[in-house]
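Atoms considered below: every heavy atom in the structure, side chains included; atoms not considered: hydrogens, waters and symmetry mates.
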There are 2 protein chains.
Amino acid sequence: MKKPLYLKLVSSLKSHIQKNMHKGQKLLGEREIAERFNVSRYTVRQALDELEKTGYIYKVHGKGTFVSEKSVPTALNEVYSFTEQMKSLGKVPETNLLEFKVFNSDKRLSSKLKINLGNKVIRLKFLRKADQVPMMIEKTYLPFAKFSTLTLNDLENNSLYSVMSKTFHQSIHLVSESIRACLISNQDADLLSVEHHSPCLEVNRTSYNKLQEPIEYTFCIARSDQFVYNYKYIHHDKK
Amino acid sequence: MKKPLYLKLVSSLKSHIQKNMHKGQKLLGEREIAERFNVSRYTVRQALDELEKTGYIYKVHGKGTFVSEKSVPTALNEVYSFTEQMKSLGKVPETNLLEFKVFNSDKRLSSKLKINLGNKVIRLKFLRKADQVPMMIEKTYLPFAKFSTLTLNDLENNSLYSVMSKTFHQSIHLVSESIRACLISNQDADLLSVEHHSPCLEVNRTSYNKLQEPIEYTFCIARSDQFVYNYKYIHHDKK
DNA sequence: CAGTGGTCTAGACCACGTT
DNA sequence: ACGTGGTCTAGACCACTGT
């Protein structure tokens with residue numbers, strides 16, 4: 001266990017809050033928590049900051065620290081996960097890998113992934129379903145140089161993001177997305193079992209690691225009658 | 001000047017980076033910055049954390065602190081602002097207030113704003129244009145209790161969010177959005193000058209203050225041929 | 001006024017990456 | 001071995017909220 005002290009505090013506090021406290025209830029003061037756990041106030045503040053960032057608590061200057069609404073902690077500033085979203089909506093998610101191939105990047109992909117034109121990329125195509133209803137088609141492009149040893153087997157029981165971070169040590173730090181509405185192509189309409197010329201949601205996502213290198217470019221088409229894109233984030237005030 | 005020390009450091013460093021440094025370049029170490037500015041290392045870390053959160057720099061354990069891509073700093077974990085987005089795309093934004101009225105909440109609104117059924121709400125309707133092309137219709141609902149003295153005049157020269165935060169001390173802390181694609185209604189199509197039955201983007205946003213109280217509910221309809229919803233955020237790792 | 005979170009200091013040691 | 005950022009201590013004072 002190389003876990004820092006404050007993260008242990010985070011775990012302790014989190015489980016204590018979930019078990020014994022309700023929304024709006026006031027926590028002990030920072031000084032008192034520090035004394036109880038026999039750590040410095042700085043460490044307590046780090047733990048509370050972490051809990052605030054993940055949406056479990058909020059602090060008010062001069063008043064104290066309080067438990068958040070229970071609804072808040074889910075998927076806060078997280079990369080969108082179809083699987084997690086569907087689970088939270090009480091649906092059973094399912095993902096089929098339709099394609100796994102390596103090819104040379106064209107102009108568009110090389111600029112998205114900031115690699116040289118012609119450098120190899122891995123292309124993954126997923127069909128995602130919820131309660132057996134097809135919901136979205138996802139095409140993901142990875143720079144081959146960073147994921148050259150990726151195999152089908154890696155993706156068998158793990159999400160792409162966990163493989164990227166655990167096996168290849170490429171964690172997502174920054175995400176840039178753009179979303180638009182358009183009419184679905186006939187081919188995609190057939191895959192998603194919707195009528196031709198239906199409206200659909202188109203999501204473009206580029207993810208960067210901490211060194212600001214693109215590690216993923218994803219293009220999604222989602223059927224509009226079933227699928228809603230949800231997310232939450234903590235607004236970062238400019239001071 | 002009640003600005004804390006570390007925020008002054010943020011300003012100094014930010015302007016220094018923008019003037020004299022380029023992406024990927026390494027900054028001085030934390031200890032050296034502390035010495036130069038004659039502050040403690042803790043204060044330097046606070047300033048650097050702030051700059052990392054807003055996307056100007058990134059830190060790597062054992063290596064140092066580096067300047068980010070120039071493209072990154074815009075609109076990071078910020079509430080979506082039509083005006084800012086259009087400006088950054090080189091377009092001239094324009095906002096027309098079409099409606100300003102107070103009425104009693106129905107079931108849907110009272111649940112969205114967590115107020116009692118029948119409590120008063122303010123309804124604002126905006127038409128937003130870019131380069132004189134109508135782009136989206138925005139209907140915003142505010143709980144009357146928190147903004148009872150809001151006047152048309154307040155909105156004349158200021159954005160709604162700045163009025164909410166500066167005049168009414170209601171700053172946005174948490175945002176929850178959902179996005180879907182659908183077909184536009186005939187009425188909205190006429191307002192946006194698009195053909196009937198065009199696809200459109202529908203955005204629902206509820207914003208909360210630090211006390212987790214809803215302070216705004218907004219419903220947007222955007223034309224799909226012109227409008228793309230862009231945003232960026234720092235991914236918050238679960239540890 | 002007391003109590004809270006927010007800022008700040010001056011130290012210390014640890015974990016990571018490079019030389 | 002050295003320099004980096006990450007964690008941590010034990011204090012201090014400030015700013016805000018309530019009584």
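- In this structure, B/Phe66 atom CZ and C/dT18 atom C1' are separated by 11 Å, rounded to whole Å.
- Proximity of a side-chain donor or acceptor of A/Thr206 to a complementary backbone N or O of A/Tyr217 within less than 3.5 Å is not detected.
- Rounding to the nearest 0.5 Å places CZ of A/Arg45 at 8.5 Å from OG1 of A/Thr65.
- Here D/dC8 presents its P atom at 8 Å from NZ of A/Lys8, a figure rounded to the nearest Å.
- Going from atom OH of A/Tyr141 over to atom OG of A/Ser105 covers 11.5 Å, rounded to the nearest 0.5 Å.
- Taking atom NZ on A/Lys26 and atom P on C/dG5, their separation rounds to 7 Å, with Å as the unit.
- Regarding contacts with the backbone of D/dG6, a side-chain N or O of B/Lys59 is found under 4.0 angstrom from either OP1 or OP2.
- Phosphate contact (OP1/OP2 of D/dG5, side-chain N/O of B/Lys63, threshold under 4.0 Å): absent.
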Q: Dump the intermediate steps for salt bridge (Lys or Arg N to Asp or Glu O under 4.0 Å) on B/Glu32 and B/Arg36, then the final yes or no.
A: CA-CA 6 Å; B/Glu32 196 157 352; B/Arg36 298 265 181 123; 3.3 Å; yes

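- Considering A/Gln170, A/His173, A/Glu216 as possible partners of A/Asn209, the one that fulfils the side-chain hydrogen bond (donor to acceptor under 3.5 Å, both in side chains) test is A/Gln170.
- The pair A/Lys14-A/Glu50 does not count as a salt bridge, with every side-chain nitrogen at least 4.0 angstrom from each carboxylate oxygen.
- Distance B/Arg31 CZ to D/dG6 P: 10 Å, rounded to the nearest Å.
- Distance NZ (A/Lys210) to C1' (D/dT4): 13 Å, rounded to an integer number of Å.
- Of the residues in residues 35-46 of chain A, those placing a heavy atom less than 4.0 Å from an atom of DNA chain D are A/Val39, A/Ser40, A/Arg41, A/Tyr42, A/Thr43, A/Gln46, in numerical order.
- Between A/Thr65 and C/dT4 there is no side-chain polar atom (N or O) within less than 4.0 angstrom of OP1 or OP2.
- Heavy atoms only, all atoms of each residue included: B/Val44 and B/Val39 are closest at CG2-CG2, 3.8 Å.
- The separation between B/Leu27 atom CG and D/dT4 atom C1' is 13 Å, rounded to whole Å.
- Within the 4.0 angstrom heavy-atom criterion, only backbone atoms of the sugar-phosphate kind lie near A/Leu5; the bases stay farther away.
- Put simply, NE2 on A/His61 is 9 Å from C1' on C/dT7, counting in whole angstrom units.
- The distance from atom NE2 of A/His169 to atom P of C/dG17 is 11 Å, rounded to the nearest whole Å.
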